[in-house]
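Structure first, then comments.
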Amino acid sequence: CFSFNAAMHGYGRNGDWERAIALLQDMKDSGVRPDLVTYSTVLAACGKAGEWQRGKAIMAEMKADGISPNVFSFGSLINACGKAGRWELAVEILEEMQASGLVPNEHNWSTAIDACGKAGEWQKALDILGQLEAGTEAGGGGERVPLSTTMYNFALEACARAGKWDRGAEILERMKGNPRTPPDARTYAKIIDACAKGEQWGQAIRYLYEMREVGIPPTIFAFNAAIAACGKCGRWKEALALFGAMSREGVSPD
RNA sequence: UCGUAAAUGUCACGU
């Protein structure tokens, strides 16, 4: 079972969900019983590929085999829906996992927020985040979910995608207010990207400076977003200056 | 902290 799982993991990494499913069948045919990890690995492969129908089928199959899906299994299915743009289904599955007695963890919430963001549903993304902040999320029976930087980053990305740079700025402020959710390099890259989409070149540059001030070396992503913001606003001089600064400092991806 | 399983990277260029 071990080696099957390892091979399946390899297929998943390569986006080859069909082979992962085929291998699951081979396993059964050769009399090896798939376990929880096997199924979750196949689900992960489907999730990465956005194959939510297949994912649902696999989950039904594992249940039929008497194996209860856990947070990993459900998480991958939520991911599949998000990748496919099916945010409502993603939220539904999150609810289904709660109904089955599981408590979603921060990965699951992040994935759900991202599913909404990817589908352009930034209000829903912020709504979920707000519920988590207030500790009033659906099904939160006392067990409070720890907030994480990544969760905020997804919400911020949702705002960026929608061109809501001011909402993004609000999120950034909230992150700063919680020692558990410090902004990181990706946070700044996303807020700068939001500024670019909103054609706020001045804000974009301010955030670029700010990240350096708080001890986060600007990444290539932050620089590129800031340069894009300047370009979009026709601030060619500023764009060129940023480009110069970028090549002057050895900018790293992360 | 880790173990065979889950969530974030821009831009350009192509398709």
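Protein chains get the first letters and strands the later ones, always in sequence-line order, with residue 1 at the start of each.
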Q.
With rounding to the closest Å, how many angstrom separate the P atoms on B:G3 and B:A7?
A. 14 Å
Q. Would you say the side chain of A:Leu24 lies within less than 4.5 Å of the side chain of A:Ile58, judging by non-hydrogen atoms?
A. yes
Q: May I have the distance from A:Asn79 (atom CG) to B:A5 (atom C1'), rounded to whole angstrom?
A: 13 Å
**Q.** B:A6 to B:C2 separation - P atoms, rounded to the nearest Å
**A.** 13 Å
Q. Contact class for A:Ala6 (heavy atom, under 4.0 Å): base, sugar-phosphate, or nothing?
A. nothing
Q. Between A:Phe4 (CZ) and B:A5 (C1'), how many Å, whole number?
A. 17 Å
Q. Could you give the CD1-to-P distance, from A:Ile171 to B:U8, as a whole number of Å?
A. 18 Å
Q. Will you find, in the side chains of A:Asn178 and A:Tyr152, an N or O donor that is under 3.5 Å from an N or O acceptor?
A. no
Q.
One thing to verify: whether A:Glu121 and A:Lys124 come together as a salt bridge, which I'm taking to mean a side-chain N less than 4.0 angstrom from a carboxylate O.
A. no
Q | Candidate nucleotides B:A5, B:A6, B:U10, ranked by approach to the side chain of A:Asn224 - the nearest | A | B:U10
Q | Nucleotide of B:A5, B:A7, B:U8 approaching A:Asn70 most closely (side-chain heavy atoms) | A | B:A5
Q: Compare the ring of A:His107 with the six-membered ring in the base of B:A7 and state whether they stack (centres under 5.5 Å, planes under 30°).
A: no
Q. Among B:A7, B:A6, B:U8, which nucleotide sits nearest the side chain of A:Ser110?
A. B:A7
Q: Assign A:Asn153 to base, sugar-phosphate, or nothing according to its heavy-atom contacts below 4.0 angstrom with the strands shown.
A: base
Q: Classify the nucleic acid contact of A:Ser76 as base, sugar-phosphate or nothing, counting any heavy atom under 4.0 Å across all strands shown.
A: sugar-phosphate
Q.
Rounding to an integer number of Å, can you tell me how far A:Leu102 CG sits from B:A5 P?
A. 19 Å
Q: Verify whether one side chain among A:Asp29 and A:Gln25 offers a donor that lies under 3.5 Å from an acceptor in the other.
A: yes
Q) Expressed in angstrom and rounded to an integer, what is the separation of A:Met246 atom CE from B:U10 atom C1'? A) 11 Å
(Q) Whole angstroms only, please: what is the CG-P distance between A:Asp114 and B:A7? (A) 11 Å
**Q.** Separation of B:A7 C1' from A:Leu147 CG (nearest whole Å)
**A.** 16 Å
Q: With the side chain of A:Asn5 defined as its heavy atoms from C-beta on, choose the nearest nucleotide among B:A7, B:U4, B:A5.
A: B:U4
Q: Give one of base, sugar-phosphate or nothing for A:Thr111, where a contact means two heavy atoms less than 4.0 Å apart.
A: sugar-phosphate
(Q) Does this structure show an ion pair linking A:Arg54 with A:Glu61, if we count only N-O contacts that are shorter than 4.0 Å? (A) no
**Q.** Candidates B:U4, B:U8, B:A6 - which lies nearest the side chain of A:Arg186
**A.** B:U8
Q) B:A7 base to A:Asn108 side chain: any donor-acceptor pair below 3.5 Å? A) no
Q.
Using a heavy-atom cut-off of 4.0 Å across all strands, would you classify A:Lys232 as base, sugar-phosphate, or nothing?
A. nothing
Q) In whole Å, what is the span from the CG atom of A:Leu156 to the P atom of B:A7? A) 20 Å
**Q.** A:Lys232 with A:Glu238: basic N within carboxylate O range, under 4.0 Å
**A.** no
Q. From the list B:U8, B:A6, B:A7, which nucleotide is the closest neighbour of the side chain of A:Lys48?
A. B:A7
